[in-house]
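Values reported hereafter were calculated over all heavy atoms of this structure, with side chains retained and with hydrogens, waters and symmetry mates removed. Keep in mind that this is a model prediction, so the values were computed, not measured.
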Amino acid sequence: MEMDIENAAKAKGEEIKEKSVVVILVGAPGSGKSTFCEQVMRSSTRPWARICQDTIGNGKSGTKAQCLKSAASALKGGKSVFIDRCNLDREQRLEFVKLGGPNVDVHAVVLDLPAKLCISRSVKRTEHEGKLQGGKAAAVVNRMLQKKELPKLSEGFTRITLCQNESDVQACLNTYSALGPMDTVPNGYFGQKNPDAKIQLGIMKFLKKAEVPAAETISDASRIQSSFSPQVLQEKNPGYKRAENVSSFPVNTAKDLKECEDLAVCSAGSHILNDAPTLAFPSISTSDFQFDLEKASDIIIEKVEEFVNKLGNVRLVLVDLSHRSKILSLVKAKATEKNIDSSKFFTFVGDITRLCSERGLHYNVIANAANWRLKPGGGGVNASIFNAAGPALEVATKEQAKSLHPGKSVAVPLPSTSPLFTREGITHVIHVLGPNMNPQRPNCLNNDYIVGCKVLRDAYTSLFEDFASIVKTQAKLAKGKNVNLVTNPLGLQEHNEGVNTKHSPNNDQKSKREDVDDYDRSKKCKASLYEVEANIHDFRTEKEHTNNDKIDASMTKAWGSWAQALYHIAMHPEKHRDVVLEILDDVVILHDLYPKARRHLLVLTRYEGLDCLTAVRKEHLNLLRTMHDVGMRWVEKFLQEDASLIFRLGYHSGPSMRQLHLHVISQDFDSKHLKNKKHWNSFNTAFFYDSVDVIEDVSNHGKATLRDDESLLSTELRCHRCRSAHPNIPRLKSHISNCRAPFPHSLLQSGRLVPPP
DNA sequence: GTTCTAGAAC
DNA sequence: GTTCTAGAAC
């Protein structure tokens, strides 16, 4: 609209009249609205009026009507106007937006800063214009923020700037301060955060993607060759032993590269150099299980299409051994037809256990067309993967599951001892079982393709979901605490090989060749991925604990020595009579050593190897129910002693202690051991996974949906009943000791609180 | 998981 | 000066 009027004016040759702006500030008390206006008015050469409801009443509290009137007259006088009041919901803003017109743009500047900050600023004010200061401020800010509604362009704004931190505010200040009488600023929504941006950035950072623009390196075949050739591996990695003679090792020459280009849907160079998390998978059920190739290729395409965009910056690669593979050419043709992004999905010819070392393809997760017993042998992909991975894979697989149903998958972290990890950089094998159409094999579906197609779809869904969850965990860790390994990528290697030479990229002389950089980069990747399974702390202490069982071949996650306490109790509860309350066949009940409430118990599984929620599968449903029932029995006992207590039962999404344990905790949180943000948030954010929800998720989806986002633990402190925010733990504790507000709706449902208040 | 403590915030 | 947090060490 505005543009049309402007263009029309231009067309008529009229001079464009200078436009006034109404800037509606949106923010809680203490968010810095007045300061913002004052600073702009100090530097901007444009005439401004600040309409402030707190001052407009001349001592008495002002009204909205007074503000509107005053704003309209300022606009008439050619001034631009700040509406300095909270304007937190749409209704409050509505009348002010109507001040806009052909020569008046309406902007919103949203000061959406943490509640904690606004409260602390409000509290310490001594001469606030609105008389909002001292103790009342927190309650007021909290109440106001509850009805916060971020402005939308559809309300009639031509420009919205969302500021969520001090630097956003500063940038916005700069924009408005620089505004002269004739200047305009671009229209649109600024500062809105893409919810995926953080994760994407994490992956990019972790893979150092920015340094490897595929287009630039694609033509540089020699660089591709040297970065993946065994010579480089051996140079940098003296402990790495290979059976083959180095000279006979197939190196990716330009000719090879040409061949790859021919085979892949699009040019192979970018595939080879692309460091995005990559899943290589064989076609499921089409070989020994004799599934119809046409139908199978349709299902592959369907599932790939469904996931390829959902998964973000990752690659799915369908692999087969031969150039003459029918399924590969079918899928390739259909992928082209469907216009599937060939950088995210393509077909590839090669041995799935040697795609990096022999074909130069970076990948980190492979799928195995497994048998239902999850055992080696049987020929085909299964035999080849178990052979290549060594015995460690069988052991690690056993830890995850004993068998597999058709249509299901199970992800197994590959032990660092496996050649697939050391040679190829593969961190996980996902076993998948497809439907069987071969009458020579057990559980044949007798040509029932209605069931068969459904099972095959399920199999791919499960496979891609497992891959997604691995990628998510890796991205989280990559941007998380493993900075040390990332900056010192060879730390892992140094340790494993017993080589103690310090290698710090900062102190080291510049790498002699660029390709060494490439090597480092791929190593960084491996080290970071490895970090998923073993926390960095353990690399430092392993030397002192070489006999410790945690470095055995089945290593799926290394826990620090302090994290073993529950495991030891679970294995030998009779030796811990001092803390253990009850010993049953499957579980042990004990007091939390550092209770975070008046009543705080742990129901501990006695299953060895079941360390946290991520490992929980359908076969554990009975155990989960037992844990819940035993917890509830103790709740009843506690309620007989004190009927005023309210309990919640749940798991920590990312526990610090090994051995799956259910927290049974009263909701008073009256404890001297509750000392920091992490303590509070681990029981009062989504990090706390209600037992009822875990049971439901596992029975519906076969596993608990991952949500152990570390950032949950550092979010602002909010009361679990009235949801008010508090600046620190002591204040929060003093609030919760008095707060009798009803619990939030979500907690009152599905039996999350016992008994329901 | 806790303890310890430097230094930021008040 | 005192309170509080956050990171390292265990």
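- When rounded to the nearest whole Å, the span between NE2 of A/His591 and C1' of B/dG1 equals 18 Å.
- The CG-C1' distance, from A/Asp611 to B/dG1, rounds to 15 Å in whole Å.
- Every residue two or more places apart in sequence or in another chain that forms a ring-ring contact (aromatic ring centres under 6.0 Å, His included) with A/His726 is listed here: A/His735.
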Nucleotides 2-9 of chain B: which of its N/O atoms have a protein N/O under 3.5 Å away?
| unit_1 | atom_1 | unit_2 | atom_2 | d |
| --- | --- | --- | --- | --- |
| B/dT2 | OP1 | A/Lys596 | NZ | 2.7 |
| B/dT2 | OP2 | A/His679 | NE2 | 2.6 |
| B/dT3 | OP2 | A/Lys675 | NZ | 3.0 |

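- Residue-level contact check: A/His652 touches the backbone only, with heavy atoms under 4.0 Å from sugar-phosphate atoms and none from bases.
- Distance, A/Gln564 CD to C/dC10 P: 17 Å, rounded to whole Å.
- Listed by chain and residue number, A/Glu582 satisfy the salt bridge (Lys or Arg N to Asp or Glu O under 4.0 Å) test with A/Arg633 (two or more places apart in sequence, or in another chain).
- Applying the ring-ring contact (aromatic ring centres under 6.0 Å, His included) rule to A/Tyr689 yields no partners; only residues at least two apart in sequence or on another chain are considered.
- No more than 12 heavy atoms of other residues, nucleotides or ligands shown are found within 6.0 angstrom of NZ on A/Lys678.
- Under the ring-ring contact (aromatic ring centres under 6.0 Å, His included) criterion, A/Phe36 pairs with no residue at all, not counting sequence neighbours.
- By the ring-ring contact (aromatic ring centres under 6.0 Å, His included) test, A/His720 pairs with A/Phe669, A/Trp680, A/Phe743, sequence neighbours left out.
- Residue contacts for A/Leu566: at a heavy-atom cut-off of 4.0 Å it reaches no nucleic acid atom on any strand shown.
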